[in-house]
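Down below is the structure, laid out as structure tokens.
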Amino acid sequence: MKGCVLGLIAPEESKTVHSLPQGESWSVHKFGGTCVGTCERIQNVADIVVADPSQRKVVVVSAMSKVTDVLYHLVEAAGSRKESYIESLNLLLQKHKETARALLVEGADLEKFLAKLEDDIRNLQAMLRAIYIGPVSGHATESFTDFVVGHGELWSAQMLCAAVNKRGLSAAWMDAREVLVVTPTSTNQVDPDFASSETRLFDWYARNPADTIIVTGFIANTPDNVPTTLKRDGSDFSAAIMGSLFRAANVTIWTDVDGVYSADPRKVSEAVVLSTLSYQEAWEMSYFGANVLHPRTTLPVMKYNIPITIRNVFNLSASGTKICRTTYESTDDEFRAADSVVKGFATVDNLALVNVEGTGMAGVPGTASAIFEAVKEVGANVVMISQGSSEHSVCFAVPEKEVKAVSKALEKKFKRALDAGRLSKIEIVPNCSILAAVGQKMASTPGVSATLFDALAKANINVRAIAQGCSEYNITVVVNQDNSAKALKAAHSRFYLSRTPLAVGIVGPGLIGGTLLDQLKDQAGPLKEDFNIDLRVLGVIGSKKMALSHSGLNLSNWRSTLKEEGEEADLEKFTAHLCCSHPIPNIVVVDCTASSDVPNWYYPWMRKGMHIVTPNKKANSGSLDKYLRLKELQRKSYTHYFYEGTVGAGLPILSTLQGLLETGDKIHTVEGIFSGTLSYIFNNFHGQKTFSEIVKEAKAAGYTEPDPRDDLSGMDVARKVIILARECGLKLELDDICLENLVPEPLRGCENVDEFMDKLPEYDQAIAARREQAEESDEVLCYVGVVDVLASQGRVELRRYPKSHAFAQLSGSDNIIAFTTARYKKQPLIVRGPGAGAEVTAAGVFSDILRLASYLGAPS
Ligand SMILES: NC(=O)C1=CN([C@@H]2O[C@H](COP(=O)(O)OP(=O)(O)OC[C@H]3O[C@@H](n4cnc5c(N)ncnc54)[C@H](OP(=O)(O)O)[C@@H]3O)[C@@H](O)[C@H]2O)C=CC1
Ligand SMILES: N[C@@H](CC=O)C(=O)O
Ligand code: NA
């Protein structure tokens with residue numbers, strides 16, 4: 001600093017060299033306060049400066065972290081006659097002394113800096129003392145404050161300059177007040193005076209012709225040479241102005257993050273660093289709180305198309321985010337395609353919507369102006385506006401804390417219109433958030449808003465209001481604040497990562513549920529990597545215990561976690577956990593029980609927007625009334641309900657039937673062998689083994705229901721017949737199905753499965769006799785189910801078929817299902833294959849989960 005006249009820092013007398021060196025261009029770097037917060041960090045910065053291969057460099061530096069705040073504070077303290085300013089000044093002296101000594105160790109540069117530092121501190125002390133004892137407290141003028149607070153940059157620039165010189169790179173430091181001329185505006189901002197600044201820069205350079213220049217950020221002079229600052233984000237602005245004055249090839253803003261993220265990484269863990277942003281996109285993102293430059297910071301460099309790169313000083317391997325002229329005009333298709341349509345998503349919380357409605361508004365010029373005049377009068381900031389072209393309502397968002405005043409002002413202003421009924425209401429919708437999608441390429445890409453709204457709808461999020469300007473850089477939707485995090489996550493995952501996260505809750509980790517969990521464990525990685533589906537099991541609940549996790553259970557040891565660390569099973573707590581304890585937008589509950597009680601939970605789950613997948617037949621084969629209510633609720637709640645596993649296990653029976661119906665075919669009959677257990681039994685009942693022995697085998701193979709009497713009674717087949725019949729539109733109850741019960745009468749009341757299995761051999765003879773009778777006619781026994789759609793009937797019976805019949809050709813647990821339809825009349829459509837067993841059933845359930853993921857937007 002040349003001369004320490006309070007408030008006046010005059011440039012040196014003008015000399016006559018008036019340009020910068022031509023040829024090699026300059027690169028500009030800016031390091032913020034945290035980057036130079038300690039001696040080690042200043043060393044690191046010096047290393048980065050030296051390592052930059054550019055021939056000429058300008059390095060703009062902020063004050064060491066917190067120093068500017070302390071300087072503001074001590075001016076305020078002195079002005080309020082608090083002696084603490086002396087202590088604060090002393091601490092600053094010590095901090096900079098210690099840093100300089102650690103940085104420079106010894107030598108002339110160190111001595112020179114320390115002498116200058118002590119001189120500055122003495123000067124400041126004298127000036128602050130004058131304020132302290134002044135006749136009027138709070139006496140410090142704005143220019144005095146600006147003069148004092150600029151010292152942080154003066155000291156850090158000198159220290160960095162000495163550190164760079166120490167590394168053998170010759171550098172000069174610049175007090176930006178000698179060069180930068182800015183004019184304060186009425187809105188507490190400043191406008192750079194580029195012409196005067198350029199003249200002063202040429203003069204300065206004539207006196208300091210260095211290839212590396214360390215410049216103080218944040219501070220400048222007014223045209224009258226009064227010290228001032230560049231206000232908020234001042235050092236970034238300094239760097240951009242320097243970039244423009246030096247006609248730099250690039251400006252790098254060094255900070256402590258890897259770049260600009262596609263969403264706040266604290267809210268969206270999968271957020272990615274964007275490699276490029278256009279200047280306009282950067283403006284939009286910065287408004288929504290992303291860690292981007294303030295819009296005015298980009299203006300000086302935009303003029304010369306100078307790119308700004310945001311990089312992490314602590315992670316040099318990250319290449320950062322480059323903010324530059326739009327790439328979308330590029331003719332290179334690949335380059336255009338590589339850029340994401342939506343660059344980023346952000347939410348702004350704590351807003352309220354104001355809705356002014358009434359028939360008297362339509363076609364009346366000045367209504368909108370009167371509304372916003374009232375809002376302006378109470379100093380509220382309008383965050384978004386939306387008005388339908390019918391002009392019957394104007395809706396806008398303001399910060400929640402300002403809405404009361406806005407509503408009062410509007411009611412006052414429009415009292416007459418309200419009394420006369422020209423306005424019907426001024427409605428306040430509290431607890432709102434804005435979700436904004438930002439991306440310049442949205443303008444030329446059809447379907448962006450459709451995809452955004454689809455993602456929100458699939459996450460069961462209601463949109464309250466919408467705004468999109470015709471520049472299309474930004475689509476803004478207003479949602480309930482409780483859905484803010486979920487909306488951000490849903491939108492981000494749909495567009496950005498194309499990764500569909502799905503929170504999974506498993507009810508009933510028995511044979512099927514347990515096998516499913518094991519399959520999920522093996523497949524979760526490939527699904528994530530290859531198909532972008534991120535399945536996280538956040539809860540497993542059995543009849544006694546449950547295990548919950550916020551981020552996903554470790555599926556390698558879920559059994560021991562449940563056994564050793566599981567808490568008492570509580571479906572209410574399980575539901576609350578799945579629904580609300582994480583930000584994953586889509587939730588599926590997989591009911592792998594055989595329980596009739598668990599399906600009662602399907603209603604509250606659907607109401608909460610949770611999807612359901614199940615192999616449990618109880619819900620769809622229970623009372624018709626409950627079934628119809630469930631189906632209606634499912635449609636109304638926009639949830640998905642998949643139950644392919646309920647008929648034919650993993651075989652595509654229901655999806656085939658649905659496909660036939662949806663394409664307009666008319667079903668005549670669906671008949672076949674629907675029981676894996678009964679199929680296995682009769683496929684192996686040739687006389688060598690007894691009936692009870694084969695039942696035992698079927699149970700051990702995992703084909704039977706938890707209670708094999710459900711199979712032998714024909715009830716399991718009857719349930720499947722009912723499920724298929726209802727799918728075909730028949731309004732049948734389970735009682736409408738006649739069935740032949742193969743459970744010997746005396747065993748129907750056995751207390752438990754073990755007792756039943758123990759006593760079953762006593763009845764082997766009776767069924768063996770039936771088999772022998774069939775055998776005598778060269779026939780076999782088959783337990784079949786029939787849905788006769790034309791007759792509106794369902795039947796379940798043990799029939800005899802010739803050995804040549806297709807039903808007599810089965811093996812293992814095969815099911816065979818024949819669809820006779822208007823189109824498949826001569827030859828039925830047949831689906832055949834294993835219709836029971838843990839692996840195939842779990843795989844069928846798994847495939848329903850993936851179908852859900854695909855409906856929710858996962859790539860198919
Ligand atoms: N086996 C197969 O081939 C096929 C089976 N299915 C269906 O799959 C379902 C599961 O069969 P499977 O795995 O063999 O049966 P399991 O008996 O092996 O497993 C049932 C599970 O449900 C749990 N459970 C029972 N009641 C409740 C409750 N109220 N709340 C929470 N959990 C409960 C049990 O917990 P706990 O152990 O703690 O009591 C157990 O973990 C059945 O609906 C069946 O019809 C469908 C197609 C084929
Ligand atoms: N127990 C059932 C299993 C499938 O639903 C059967 O045997 O088919
Ligand atoms: Na199936």
Side-chain angles (χ1 to χ4, degrees), residues 505-517 539-547 558-559 562-563 566 568-572 574-575 589-601 613-621 642-658 672-683 695 698-721 723-724 727 753 783 785 812-817 831-845 847-848 851:
I506 308 275
V507 188
L511 180 67
I512 305 301
T515 308
L516 173 66
L517 280 160
V540 173
I541 182 168
S543 61
K544 294 172 200 71
K545 284 190 155 189
M546 67 178 180
W558 67 267
R559 283 188 180 81
L562 187 63
K563 196 167 162 210
E568 195 185 332
D570 176 346
L571 266 168
E572 199 155 326
F574 177 83
T575 302
V589 192
V590 187
D591 170 17
C592 292
T593 70
S595 160
S596 308
D597 298 331
V598 174
N600 291 328
W601 282 89
V613 167
T614 188
N616 181 358
K617 299 151 199 125
K618 299 290 162 58
N620 282 8
S621 60
F642 296 138
Y643 40 85
E644 179 62 87
T646 58
V647 182
L651 294 179
I653 307 295
L654 286 162
S655 51
T656 302
L657 176 58
Q658 284 156 357
I673 295 179
F674 294 113
S675 166
T677 301
L678 293 169
S679 176
Y680 179 84
I681 291 171
F682 291 111
N683 293 339
V695 172
K699 185 170 185 302
Y703 302 150
T704 67
E705 293 303 292
D707 185 338
R709 282 175 293 182
D710 282 340
D711 299 288
L712 296 178
S713 66
M715 185 51 85
D716 179 70
V717 178
R719 289 189 190 284
K720 290 167 180 165
V721 165
I723 294 170
L724 289 166
E727 209 66 33
V753 175
Y783 202 90
S813 69
D814 276 2
N815 281 189
I816 184 164
I817 289 96
V831 181
R832 175 190 161 169
E839 287 294 335
V840 293
T841 306
V845 177
S847 141
D848 269 354
R851 181 147 69 113

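On a predicted model such as this, the values are computed, not experimentally measured, just so you know. Just follow the structure's listing: the first ligand is 1, and inside any ligand the first atom is 1.
Ligand 1 has an N or O atom lying under 3.5 Å from an N or O atom of Gly702, backbone or side chain. Among the atoms of Glu705, some N or O lies under 3.5 angstrom from an N or O of ligand 1.
At least one heavy atom of Val598 sits under 4.0 Å from some atom of ligand 1. Taking 4.0 Å as the cut-off, Gly676 does not count as a neighbour of ligand 1 on heavy-atom distance. Not a single heavy atom of Ala649 sits closer than 4.0 Å to an atom of ligand 2.
The only option from Val590, Leu562, Val540 that meets the side chain to side chain contact (heavy atoms under 4.5 Å, CB included) definition with Leu517 turns out to be Val540. Screening Thr614, Val647, Leu654, Ile723 against Asn620 for a side chain to side chain contact (heavy atoms under 4.5 Å, CB included) leaves a single residue, Ile723.
Looking at every heavy atom in both residues, Thr593 comes nearest to Gly508 through CG2-CA, 3.8 Å.
Without hydrogens or angle criteria, Asp710 side chain to Met715 main chain gives no donor-acceptor distance under 3.5 Å. Panel note: side chain Glu644, backbone Gly650; no donor-acceptor pair is recorded below 3.5 Å.
For the residues Ala698, Pro509, Ala842, Gly508, the heavy atom positioned nearest atom 22 (O) of ligand 1 is part of Gly508. Considering each of Ser543, Pro615, Gly645, the one bringing a non-hydrogen atom nearest atom 47 (C) of ligand 1 is Gly645. Remark: among candidates Gly510, Gly844, Pro706, Ser596, the nearest residue to atom 15 (O) of ligand 1 is Pro706, based on non-hydrogen atoms. In this structure, of Gly835, Ser813, Gly542, Gly513, the residue bringing a heavy atom nearest to atom 32 (N) of ligand 1 is Gly542.
If you check which protein heavy atom lies closest to atom 24 (N) of ligand 1, you get Thr593 CG2, 3.5 Å. For atom 7 (O) of ligand 2, the nearest protein heavy atom (residue, atom name, distance) is Thr677 OG1, 2.6 Å. When only non-hydrogen protein atoms are considered, atom 2 (C) of ligand 2 lies nearest to Glu705 OE2, 3.1 Å. Scanning the protein heavy atoms around atom 5 (C) of ligand 1, the nearest turns out to be Ile512 CG1, 3.8 Å. Protein heavy atom in closest approach to atom 16 (P) of ligand 1: Leu511 N, 3.9 Å. The nearest protein atom to atom 8 (O) of ligand 2, hydrogens excluded, is given as Gly676 N, 2.7 Å; this is a heavy-atom distance. Here the heavy atom of the protein found nearest to atom 3 (O) of ligand 1 is Gly837 N, 2.7 Å. Looking from atom 4 (C) of ligand 2 to the surrounding protein, the closest heavy atom is Lys720 NZ, 3.4 Å.
Note that atom 38 (O) of ligand 1 has protein non-hydrogen atoms nearby, at separations under 4.0 angstrom.
Within the listing of ligand 2, atoms 2 (C), 6 (C), 8 (O) sit less than 4.0 angstrom from a heavy atom of Asp716.
Between Glu705 and Arg719 there is no salt bridge, since no side-chain nitrogen of the basic residue lies less than 4.0 Å from a carboxylate oxygen of the acidic one.
Within a 6.0 Å sphere centred on NZ of Lys545, other residues, nucleotides and ligands contribute more than 12 heavy atoms.
For a distance bound of 3.0 Å, the N, O or S atoms of Gly648 include none lying that close to the Na ion (ligand 3).
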